[in-house]
There are 2 protein chains.
Amino acid sequence: MEKAFIEQVRSFNRAVTLGTGALNDSYLGRGRPLGQARLLFEIGHDGSDIGSLRERLGLDSGYASRLLKSLEADGLVAIESDSEDRRRRLVTLTAKGVSERAAYDALSDDLARSLLDGLSTGQRGRLVAAMAEVERLMNAASIAIAAEPEDSRDARLCVAAYYKELDERFEGGFDPGNGGYAGKPAEAAGVFLIARLHGRAVGCGALKPLDASTAEIKRMWVAPDTRGLGVARRLLAALEDEARRMGMERIILDTNRSLLEAQAMYRKAGYRDTGRYNDNPYADFFFEKELGALAG
Amino acid sequence: MEKAFIEQVRSFNRAVTLGTGALNDSYLGRGRPLGQARLLFEIGHDGSDIGSLRERLGLDSGYASRLLKSLEADGLVAIESDSEDRRRRLVTLTAKGVSERAAYDALSDDLARSLLDGLSTGQRGRLVAAMAEVERLMNAASIAIAAEPEDSRDARLCVAAYYKELDERFEGGFDPGNGGYAGKPAEAAGVFLIARLHGRAVGCGALKPLDASTAEIKRMWVAPDTRGLGVARRLLAALEDEARRMGMERIILDTNRSLLEAQAMYRKAGYRDTGRYNDNPYADFFFEKELGALAG
DNA sequence: CCATTTATCTGACTTTAGTCAGATATTGTG
DNA sequence: CACAATATCTGACTAAAGTCAGATAAATGG
């Protein structure tokens, strides 16, 4: 890695903590400690239960309880037991809490505006564009890929989203029951990978062993709002690593003619067209790739 | 200001506090509280006195004293009285302190590297470029311009740097004693503006009343490493505002043929060429601008 | 030389943030 | 229904961060 790149990242870091340190003071400036302000923000318009608040902010149960109590004492939130499960407690913003939140919002807007204020119109446009680029790429960098059980909640959600998209994009729709997509038990244990962005599942891919030396890639999917970040490329590379680890020598896969980006990506990743190897009625193109030795 | 711009700034802010929140954890991870680690970083290679450390980090004197004491107890810094002013105390890093700092540095590098690691080569280049752009423009935005006494320390430093640069750039050099640059007392009180970036003086400009309706701009200078951020443009606009406030109707100025950027900037700001109005031997071009009404 | 200013230190204090071990109430399970 | 699991609360604690009022010692200005 180039030294200059690392230096630029660190320098950027210093600059934004100086510059947006001030931006984060929007949490302050209303005489409330940060912890309380963060909670106030995390309670959505429709309220939420204490458990999910705690999880989202990573708070200790006792700590969260006390913070909420002080917000309640200030008349900003109302806390009441969930009628369905009376152990659970629901937090909602009171009218005063809503306006307090709006005040924080206004403060935050003012600070953002004051940052832009000192700039010419051209500079403003360039700053905003560069910020969007940094944000996108930092998101791309913080995507983590890990194997998960194929029947976990997020795995099922990803696959459902995948099927839904296929149904929308294929001419004539898509039925998972057709073409060997459902049920058929795998010969050997496969791998199901999930890509996560800040905890949220934004992509998946499965590797299914066909015989001792060949595995098939299935269910490659990336959430629409996360495309263009290289998630698919990384999922593919991770699946290939898994395959090498399993002793596979060759990966094959099929895809539909309407999935143009997928075809381009596979070709770019070194996959070559090959002949039909199954009777999947949705498959129009077939790819294969010989795996080299395990890197690292 | 466009709503979308403000939203992008706020979204960027959230993204980087999430992403570089992790980067700032480099301050942690070595079992030392943040305050101590920040101090360790602020003490340069050559040490510094407690006062300037306090000022740079914005610490209370008692707090700073205690933090330094605990660093001293850990054998990381040495504190001794300044031989020139024995009230003042000088802090230097011990060998152990230097290596501890290096450890923090390595941690910081690792975190920066891990941010870049998840990206492709192309993405890396784009991220680093966008970061540099954001940094530059955030610096541009945080430049503050204010009037200061012409004989303040920073004012004198700026003017000295200005003269030095003229001497380097003019064919045949530049002598402040020549051409009415020094000494000559102003008819009425003028204004001296200094542009500061995070406290550091990075530019200056003076306004000198010539008669009841005409003022002259002199000593416009921007630090070389801060050029291209629009500092001069903003200084010029601020000087024009000052002139309007003083009831002036017209601004004039002269400049040397070697200062091409300056000529371009004046022309772009609405200045027109005019005839020689003084006997300054260094002046090759003369500009003037009629001031409109005071805005705002 | 004396009063004032300046630079730092000390003691006493507060607030924020966070942890941990139980206590309490409610719900699900055999 | 007893028992375990879950969701939250309470009490008792700690560490970090910061504030404030003097105390102390050295330098400065008349």
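The sequence lines fix the lettering, A, B, ..., with proteins before strands; numbering per chain opens at 1. Quick caveat, the model's predicted, so the values are computed rather than measured.
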Rounded distance (Å) that lies between atom [atom2] of [N] and atom [atom1] of [X]:
X: L59(A); N: dT19(C); atom1: CG; atom2: C1'; answer: 12 Å
X: R54(A); N: dG18(C); atom1: CZ; atom2: C1'; answer: 14 Å
X: L67(B); N: dG18(D); atom1: CG; atom2: P; answer: 9 Å
X: L39(B); N: dA17(D); atom1: CG; atom2: C1'; answer: 13 Å
X: Y63(A); N: dA15(D); atom1: OH; atom2: P; answer: 17 Å
X: D49(A); N: dT8(D); atom1: CG; atom2: C1'; answer: 11 Å
X: E80(B); N: dT8(C); atom1: CD; atom2: P; answer: 14 Å
X: L53(A); N: dA7(D); atom1: CG; atom2: P; answer: 14 Å

Indicate for each nucleotide in nucleotides 21-30 of chain C, in 5' to 3' sequence, whether protein heavy atoms under 4.0 Å reach the base (B), only the sugar-phosphate (S), or nothing (-).
-----BS---

Below 4.0 angstrom, N of the basic side chain to O of the carboxylate: do [X] and [Y] qualify?
X: E242(B); Y: R245(B); result: yes
X: E42(B); Y: R14(A); result: no
X: D74(A); Y: K96(A); result: no
X: R196(A); Y: E148(A); result: yes

Any chance CZ of R86(A) has more than 12 other-residue heavy atoms, nucleotides or ligands included, within less than 6.0 Å?
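No, because the 6.0 Å sphere around CZ of R86(A) holds 12 heavy atoms or fewer from other groups.
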
Picking from D110(B), D109(B), D117(B), what satisfies salt bridge (Lys or Arg N to Asp or Glu O under 4.0 Å) with R113(B)?
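Filter result, single survivor: D110(B).
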
State which of dT8(D), dT8(C), dA17(C) makes the closest approach to the side chain of L34(A).
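So the side chain of L34(A) is nearest to dA17(C).
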
Given dT10(C), dC9(D), dT19(C), the nucleotide with the shortest approach to the side chain of S65(B):
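Looking only at heavy atoms from C-beta outward on S65(B), the closest nucleotide is dT10(C).
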
Taking 4.0 Å as the cut-off, does a side-chain nitrogen or oxygen of K69(B) come that near to OP1 or OP2 on dT8(C)?
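K69(B) to dT8(C) OP1/OP2: no side-chain N or O under 4.0 Å.
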
Phosphate-side-chain proximity, R89(B) and dC9(C), N/O vs OP1/OP2 below 4.0 Å:
yes

Among L40(A), L59(A), I79(A), L76(A), the one residue meeting side-chain contact (heavy atoms from CB on, under 4.5 Å) with L68(A)
I79(A)

Can a donor-acceptor pair under 3.5 Å be found between the side-chain atoms of R66(B) and the base atoms of dG18(D)?
no

